[in-house]
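Accompanying notes for the structure given below.
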2 protein chains.
Amino acid sequence: MTSSTVPIHPRKTPRQSRSRATCEAILQAAARILERGGGESLTTNLVAELAGVSIGSLYQYYPTKEAILAELIRQMRHEMHDDMVTAERQSAGQGLEQEVDALISATLRHHLRNPNLAKALEHIEDQLPMDAEIAQLKQNMAKLVVGALARYGINDPEATAFDLVAIGHGMSHAAIAAGQKDFDDLHRRIRRAVLGYLRQAPDS
Amino acid sequence: MTSSTVPIHPRKTPRQSRSRATCEAILQAAARILERGGGESLTTNLVAELAGVSIGSLYQYYPTKEAILAELIRQMRHEMHDDMVTAERQSAGQGLEQEVDALISATLRHHLRNPNLAKALEHIEDQLPMDAEIAQLKQNMAKLVVGALARYGINDPEATAFDLVAIGHGMSHAAIAAGQKDFDDLHRRIRRAVLGYLRQAPDS
DNA sequence: GCCTAATGCAAGCCTTTGCTCACATTATGA
DNA sequence: TCATAATGTGAGCAAAGGCTTGCATTAGGC
């Protein structure tokens with residue numbers, strides 16, 4: 001086991017607006033590289049160059065390459081989390097189908113925003129040690145789904161939520177990998193899968 | 001786009017039993033490395049060392065690192081393909097639920113055999129240009145599912161098969177990532193998802 | 001204006017790693 | 001037995017890439 005722990009937190013927080021811009025440029029450059037070429041093509045030198053920042057500056061704020069990736073993942077998960085909270089607020093009490101619909105829309109939104117980036121980040125995420133902050137966000141999102149299911153009397157809401165999320169992930173992933181662009185259609189198919197799972201008796 | 005094509009086919013076929021053993025040792029070593037450390041930790045030098053073979057011998061048979069990985073993927077897909085063909089033969093005409101069951105078992109079998117290796121190879125597979133041979137196997141497997149669905153009068157069997165396979169993939173992936181070991185339970189849950197999808201009307 | 005802290009710079013160190021090449025050894029067939 | 005083809009070897013090349021370090025520049029308070 002060569003599990004040499006790699007630091008994945010920003011080295012220091014920028015105090016002046018100059019450095020805030022630097023950090024922002026670094027993250028945006030990294031995102032653009034991931035978006036176009038996937039995780040393989042991301043190198044710290046390339047990130048710095050594309051950001052219009054020297055490699056030294058990059059390492060002033062991010063101790064490792066992974067720290068940059070972790071920051072992008074944190075941002076993505078925050079957006080997703082907030083989208084889900086909003087969706088849940090707006091659809092609360094409108095019936096199971098409505099809530100399911102709202103949650104599917106929320107989870108699909110970040111794929112819509114930037115499919116390639118989302119795909120690359122998810123790919124990287126399950127290859128990287130999980131951050132406490134990210135773990136917390138994920139747990140919150142899971143609780144949101146569990147809560148919704150519980151309120152409608154679904155049996156074993158934890159396990160059910162786990163499977164429903166897995167179904168949504170799997171279908172999104174496959175659709176994107178196959179180059180499908182029609183997200184409304186994908187939405188309908190995921191709803192069909194989710195509602196079908198819920199209405200199907202646990203044992204055949 | 002820097003899609004510099006990398007040769008992924010064996011450089012030459014071994015003629016003597018000596019060299020067949022060498023090739024075999026290389027593949028097994030590569031598999032063991034993937035199984036324990038994922039794609040990141042696989043280097044050609046390490047593969048050669050673990051195989052008890054010199055690095056020169058390795059490159060005599062595999063022109064690139066990717067060629068080794070491609071060969072492993074080919075093997076995995078062949079096993080899966082044969083498992084599905086067998087499952088289909090044995091369950092033919094016994095009813096939709098039986099056939100679904102048999103196909104789920106077949107697709108789960110290779111995860112059962114070596115979950116970590118299967119996960120690593122799938123991970124690598126959708127990051128690598130697809131081999132014609134592998135594409136053919138995948139198409140055959142897809143046709144198998146489509147055929148079964150069609151025989152039971154399922155509407156739009158192609159699209160349905162696509163989604164069902166995605167559902168199975170997603171659930172397996174999530175279960176394995178979460179460290180779930182009970183494959184019988186996983187089987188039941190996938191069956192629930194599949195049958196639920198099939199019985200749910202395409203529009204809510 | 002000046003001083004300190006913050007920020008920015010980029011040459012290049014150093015490790016990793018894919019891969020070659022010149023040579024050594026072993027099998028095979030006549 | 002011997003010639004030839006097949007196979008095996010490993011030092012080390014070359015490129016890639018993560019990261020350090022020593023120095024230059026700029027911002028902001030006094």
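Each chain gets a letter, A, B and so on, in the order the sequences are listed, and its residues count up from 1.
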Name each donor-acceptor pair under 3.5 Å that joins a side chain in residues 42-52 of chain A to protein atoms two or more places apart or in another chain, with its distance.
{"from": "A:Thr43", "atom 1": "OG1", "to": "A:Leu46", "atom 2": "N", "distance (Å)": "3.1"}
{"from": "A:Thr44", "atom 1": "OG1", "to": "A:Tyr59", "atom 2": "OH", "distance (Å)": "3.4"}

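Annotation: proximity of residues 66-74 of chain B to DNA chain D (heavy atom, distance under 4.0 Å) is found for no residue.
Pairs passing the salt bridge (charged side-chain N to carboxylate O under 4.0 Å, His left out) check and including a residue from residues 155-172 of chain A, sequence neighbours excluded, read A:Asp163-B:Arg189. A salt bridge (charged side-chain N to carboxylate O under 4.0 Å, His left out) check over residues 172-182 of chain A, counting only residues at least two apart or in different chains, returns nothing.
Side chains of B:Glu133 and B:His9: no donor on one and acceptor on the other come within 3.5 Å.
Note on A:Asp83 versus A:Arg113: salt bridge recorded, some NZ/NE/NH1/NH2 to OD/OE distance being below 4.0 Å. Here B:Arg74 pairs with B:Glu71 in a salt bridge; the nearest charged N to carboxylate O distance falls below 4.0 Å.
Residues A:Ile190 and A:Ser172 form a side-chain contact, since some pair of their non-hydrogen atoms from C-beta on lies under 4.5 Å apart. A 4.5 Å side-chain heavy-atom check between A:Met141 and A:Arg77 finds at least one atom pair inside the cut-off. In this structure, the side chains of A:His111 and A:Glu122 come closer than 4.5 Å at one or more pairs of heavy atoms.
The footprint of chain A on DNA chain D, defined by a heavy-atom cutoff below 4.0 Å, extends from D:dG17 to D:dA27.
Between the CG atom in B:Leu137 and the CE atom in B:Met80 there is a gap of 11.0 Å [rounded to 0.5 Å].
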note = Nucleotide by nucleotide, nucleotides 5-16 of chain C touches protein heavy atoms under 4.0 Å in the pattern (B base, S sugar-phosphate only, - none) -SBBBBB-----
